[in-house]
Each structure stands twice: as C-alpha cells, then as structure tokens.
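This report refers to the structure that appears directly beneath it.
Model, not experiment: these values are computed from the prediction. Letters A, B, ... mirror the listed sequences (proteins, then strands); counts begin at 1.
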Amino acid sequence: AQKVTQAQTEISVVEKEDVTLDCVYETRDTTYYLFWYKQPPSGELVFLIRRNSFDEQNEISGRYSWNFQKSTSSFNFTITASQVVDSAVYFCALRNQTGANNLFFGTGTRLTVIP
Amino acid sequence: NAGVTQTPKFRILKIGQSMTLQCTQDMNHNYMYWYRQDPGMGLKLIYYSVGAGITDKGEVPNGYNVSRSTTEDFPLRLELAAPSQTSVYFCASSRRDPNSNQPQHFGDGTRLSIL
C-alpha cells in the first residue's frame with residue numbers, strides 16, 4: 001500500500017523566517033517518485049519538484065530546498081526567507097513505477113506567511 | 001500558452017441532474033487524469049487515460065464516466081449527481097510516462113456543488 005503523510009495541517013510564520021514542511025511516505029515499490037505541488041489561494045496546482053527514489057541528492061532552487069532521506073522515508077521541503085507570496089497549500093505526492101498512473105497525495109500543509 | 005483548460009469553473013447542480021466537466025490540453029500529452037479534491041484533503045484519482053481510446057479507473061470511479069476520443073480532450077461525466085460528489089475537480093495531463101516520473105500539469109479546477 002502507498003500513503004503520504006503530511007502531519008502539519010497548518011503553519012504560520014513571519015515573513016523572512018525559514019520554514020520546513022514535512023512529508024513522510026510509505027510504499028512497497030523499490031522504484032518510485034516523489035513530488036511537491038503548490039496550491040495558491042487561486043486554486044490551481046503548480047508543480048515544484050520531482051525526486052526519483054534512486055537519487056538521494058538534495059536539491060536547492062533559489063529559496064526552496066528539498067531533503068530526501070530514504071532511511072526515514074521522508075521528503076521534506078524548506079523555504080528560506082519566506083515571503084507573503086509563499087502563502088499556499090503545499091502537497092507532497094508519491095507515484096509508484098508499477099500500478100496505476102496516479103499520484104497519491106498527502107492532505108496538504110497550509111502555509112501562511114505573515115507580513 | 002493555454003496548457004490544461006477546464007470548463008466550467010463553477011457549477012451548482014440539483015440532485016439527480018447530469019453534467020459533463022470539460023478538459024482540454026494543448027501540449028500533445030498522451031496521459032490525462034481526473035482528480036477530485038474534498039475540503040482539507042489531498043487529491044484522489046477518479047479516472048485516467050494513457051491515450052485516445054484508452055481509459056481506466058482510479059481510486060474513486062463510482063458515479064463517473066469518461067471518454068477519450070481525441071488526444072486533446074478528456075471529459076468527465078456525472079450521470080446522477082449526488083451530494084457526495086460536491087468537490088473541486090482537477091484535470092491533469094503529462095507526457096507519455098512509462099517510468100511514472102513525468103510531472104502532471106493541472107488545470108485550474110472546477111468547483112461543483114450538488115444541492
């Protein structure tokens with residue numbers, strides 16, 4: 001079975017603070033893919049990053065960074081120097097290489113950045 | 001630069017009515033998906049298609065039907081609307097994806113209320 005858990009339902013930070021969004025996943029597949037999507041107040045889903053299970057290198061893109069650790073089945077997302085525009089719901093998602101071609105989503109973390 | 005386009009954006013239906021949610025993409029993507037997002041939850045897959053003429057069930061297909069007569073279009077039909085189908089519906093598409101690692105591109109969503 002596959003499952004994605006985002007234990008943090010809501011987080012509030014003051015602008016310029018750093019914030020980490022947690023994601024823990026479960027899967028029996030040895031090859032799988034992890035994603036982060038952003039859903040701003042306007043409602044659309046925006047793809048942020050994809051990580052393959054066989055590539056544990058962490059990644060940095062501007063103020064965003066991702067920490068993938070297979071040993072703890074976690075794929076955490078850190079925003080450095082948060083901005084008001086970062087306010088959104090963030091979803092972590094898992095996709096197995098086998099089975100149906102769908103993403104298994106976590107329940108999301110609502111991030112509010114206070115000016 | 002349209003991407004994935006969903007219509008309508010909002011709709012209110014009475015119980016027992018039927019309607020079709022439209023989805024079209026202009027990226028020549030083979031794979032298309034329909035998800036529903038209930039309040040405070042992640043997305044769940046309803047149906048997906050890996051190409052014209054091919055569709056398959058996702059996690060929550062009951063009460064819905066789909067067709068894929070062209071690469072561009074993937075309409076979702078509700079035959080007998082029920083209150084449990086009140087949700088936000090997202091259509092998505094991705095490139096041909098034998099390794100399950102292509103990001104999905106989402107439309108802006110259709111907010112559907114059944115009263």
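More than 12 heavy atoms of other residues, nucleotides or ligands shown are found within 6.0 angstrom of NZ on Lys38(A). Atom CD1 of Ile54(B) has more than 12 neighbouring heavy atoms from other residues, nucleotides or ligands inside a 6.0 Å radius. Residue Lys70(A) places its NZ atom among more than 12 non-hydrogen atoms of other residues, nucleotides or ligands, all under 6.0 Å distant. More than 12 non-hydrogen atoms from other residues, nucleotides or ligands lie less than 6.0 angstrom from CG of Leu115(B).
The minimum heavy-atom distance linking Glu44(A) with Phe90(B) is given by the pair CA-CE2, 4.4 Å. Scanning all heavy atoms of the two residues, the minimum distance from Gln37(B) to Phe91(A) falls at NE2-CZ, 3.1 Å. The two residues Phe47(A) and Gln104(B) have their closest heavy-atom pair at CB-O, 4.4 Å. When all heavy atoms are compared, the tightest approach of Tyr31(B) to Arg95(A) is CD2-NH2, 4.3 Å.
The side-chain heavy atoms of Leu103(A) and Tyr33(B), taken from C-beta on, include no pair separated by under 4.5 Å.
Contacts between Tyr32(A) and chain B at a heavy-atom distance below 4.5 Å are absent for every atom of the residue. Gln39(A) touches chain B through its side chain: at least one heavy atom from C-beta onward sits under 4.5 Å away, while N, CA, C and O do not. Interface remark: Asp56(B) contributes no atoms to any contact with chain A (heavy atom separation under 4.5 Å).
For the set Cys92(A), Gly43(A), Gly108(A), the count of heavy-atom pairs under 4.5 angstrom toward chain B peaks at Gly43(A).
A donor-acceptor pair is defined here as one N or O able to donate and one able to accept, closer than 3.5 Å; no such pair exists between the side chain of Tyr37(A) and the backbone of Phe106(B).
Taking hydrophobic clusters as Ile, Leu, Val, Met, Phe, Trp and Tyr residues chained together by side-chain heavy-atom distances below 4.5 Å, Val89(A) does not share a cluster with Tyr89(B). In terms of hydrophobic clustering, with Ile, Leu, Val, Met, Phe, Trp and Tyr side chains grouped at heavy-atom distances under 4.5 Å, Leu45(A) and Val88(B) are assigned to a common cluster. Using a 4.5 Å cut-off between side-chain heavy atoms of Ile, Leu, Val, Met, Phe, Trp and Tyr, with links allowed through other members, Ile15(B) and Met19(B) fall into the same hydrophobic cluster.
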